[in-house]
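Written out below as structure tokens is the structure these notes cover.
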Amino acid sequence: MKLVSKHIAAVSVVASAFAGIMWSSSSMAYDPYSDPTFCSYPQHASLPQCATTARQGTTQIQSTQSLNLSSTISSAIANSLSNRPGGQIRPTNSSGLNETGRAAAGYDDKLNVWGALGTTTMAFKYAPAQSAGGSTLGLVGADYLFAPDMLAGAVLSVDENRIGYNPTGVIGRADGRGYMLSPYLAWQLNRNWLLDASVGIGSADMNMRNNAAIGNTKDKRSSASVSASYVTRMGNMDLTGKASLINANNKTGAFVDSAAVLNSEVVVRTTQVRVGGQASYGQGTLVPYAGVYYVVDTDRQIIAGAANDRDAFQVALGLNIFTKGSLSGGIMYATETGRSQIKNDQLIANIAVRF
């Protein structure tokens, strides 16, 4: 009875935190410009409001990075519980152990330490908010199995972003370094079902350039995610179905640049649903897998004149690397397709050690 009470209390804390972030995001909004062609004219392109329009694209990219991070953390959470010797669910993503590894590891491992390193290439192709860039991301996480079917932990992510934007008449850059701290919780309901949740908060120091003018500001970030996974084995294959609800908020603060021009605040919020699955084959040292997910934005900003595609498909290919001991790892490449003006490609490698 006490164990059930602990489970209910832990889930309630995460649910309350997620609801708080969702509520706070609803108060952050901006109105897109009614004339989508205004900034396309050379005589308008250098105006402050057009620089802000261009910066909407950079903030959109930063929001995409936050969504990617939440999805990556959710995968790591599932792996952390799945790859433990006492776990029921056979892992199908980037970290895990085969059956031999579980047997060799014993049943006393409760602490799991993991890390990941990845790169993301992103672009928003709508003028006058067209932007493109990349991000290098590093994650270090740890979690503890405090009940046979539940763990809690936290992950610190550090990123370096390099984003350029070039609407007509403007050459701009938005470069920055930031972090996000995300506590998380996972609950294995039974042999097949797993629930996980995380919340995150962080910021980045941004260096903004608009033609010859420069300025500094901060990008404040928050995110939350809840996921449910179902895993089953079919012959030599592991099949996973997963549904996720993710919310990400990015706010780039107002600043006065070196040309004494006030650049206004830009806010982008997105709530996204991801539904899909993946399949892995084999139970040896090297286990390949492939996955497809349908992605739909249920709540987001609209940029006037842009395609504003709501949905897309994410295709992922990966390889799990298992050992007979407590060490495991993997590599994964994912790309998003179906949005006419959005590019979102990821390459992530990870390693995990149980103690």
Side-chain angles (χ1 to χ4, degrees), residues 11 14-15 18 22 64 66-84 87-97 112 114 116 118 139 141 143 149-151 153 155 182 184-200 223-234 237-248 270-281 287-298 310-320 328 330-338 344 346 348 350 352:
V11 173
V14 174
F18 180 78
M22 292 287 287
T64 300
S66 296
L67 292 167
N68 290 342
L69 175 60
S70 292
S71 180
T72 300
I73 292 174
S74 179
S75 296
I77 293 170
N79 295 332
S80 183
L81 186 60
S82 300
N83 69 17
R84 295 174 184 275
Q88 295 283 346
I89 301 174
R90 174 72 159 84
T92 59
N93 211 327
S94 300
S95 296
L97 290 174
N112 180 63
W114 59 276
L139 303 97
D143 48 64
D149 56 359
M150 182 172 284
L151 63 79
V155 55
S182 305
Y184 57 83
L185 178 71
W187 185 7
Q188 185 172 308
L189 300 179
N190 54 38
R191 181 179 180 84
N192 302 102
W193 284 99
L194 176 69
L195 299 179
D196 67 78
S198 71
V199 294
S223 68
S225 71
V226 177
S227 299
S229 303
Y230 181 86
V231 183
T232 187
R233 181 170 295 176
M234 184 179 296
M237 298 182 65
D238 288 322
L239 305 177
T240 301
K242 187 171 185 177
S244 301
L245 174 66
I246 307 173
N247 175 261
T270 306
T271 301
Q272 190 175 89
V273 174
R274 299 189 180 196
V275 180
Q278 64 182 48
S280 66
Y281 182 82
V287 178
Y289 67 88
V292 178
Y293 290 87
Y294 175 68
V295 181
V296 58
D297 298 336
T298 59
R310 290 187 51 179
D311 54 357
F313 286 94
Q314 185 187 62
V315 180
L317 298 174
L319 179 68
N320 293 326
S328 59
I331 188 168
M332 182 270 290
Y333 171 77
T335 184
E336 192 173 283
T337 181
N344 182 18
Q346 304 173 69
I348 299 175
N350 70 81

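Predicted model only: the values in this text are computed from it and were never measured.
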Distance from [X] atom [atom1] to [Y] atom [atom2], nearest 0.5 Å?
X    : Y    : atom1 : atom2 : answer
D143 : M150 : CG    : CE    : 13.0 Å
Q278 : D238 : CD    : CG    : 9.5 Å
Q272 : N247 : CD    : CG    : 10.5 Å
N320 : I331 : CG    : CD1   : 11.5 Å

* Under the ring pair (Phe, Tyr, Trp, His ring centres under 6.0 Å) test, which residues partner Y294, sequence neighbours left out? -> F313

Donor-acceptor contact below 3.5 Å, side chain [X] vs main chain [Y]:
X    : Y    : value
N192 : V231 : yes
R310 : D297 : yes
T270 : A248 : no

* Structure fact -> Across all chains, not counting sequence neighbours, the side-chain contact (heavy atoms from CB on, under 4.5 Å) partners of L189 are W187, W193, L195

What closest approach, in Å, do [X] and [Y] show between heavy atoms, and which atom pair accounts for it?
X    : Y    : result
I246 : R274 : CD1-NE, 4.0 Å
L239 : A279 : CD2-CB, 3.5 Å
G277 : Y293 : N-CE2, 3.7 Å

* Looking at S182, S244, S198, which one forms a side chain to side chain donor-acceptor pair (under 3.5 Å) with S225? -> S198

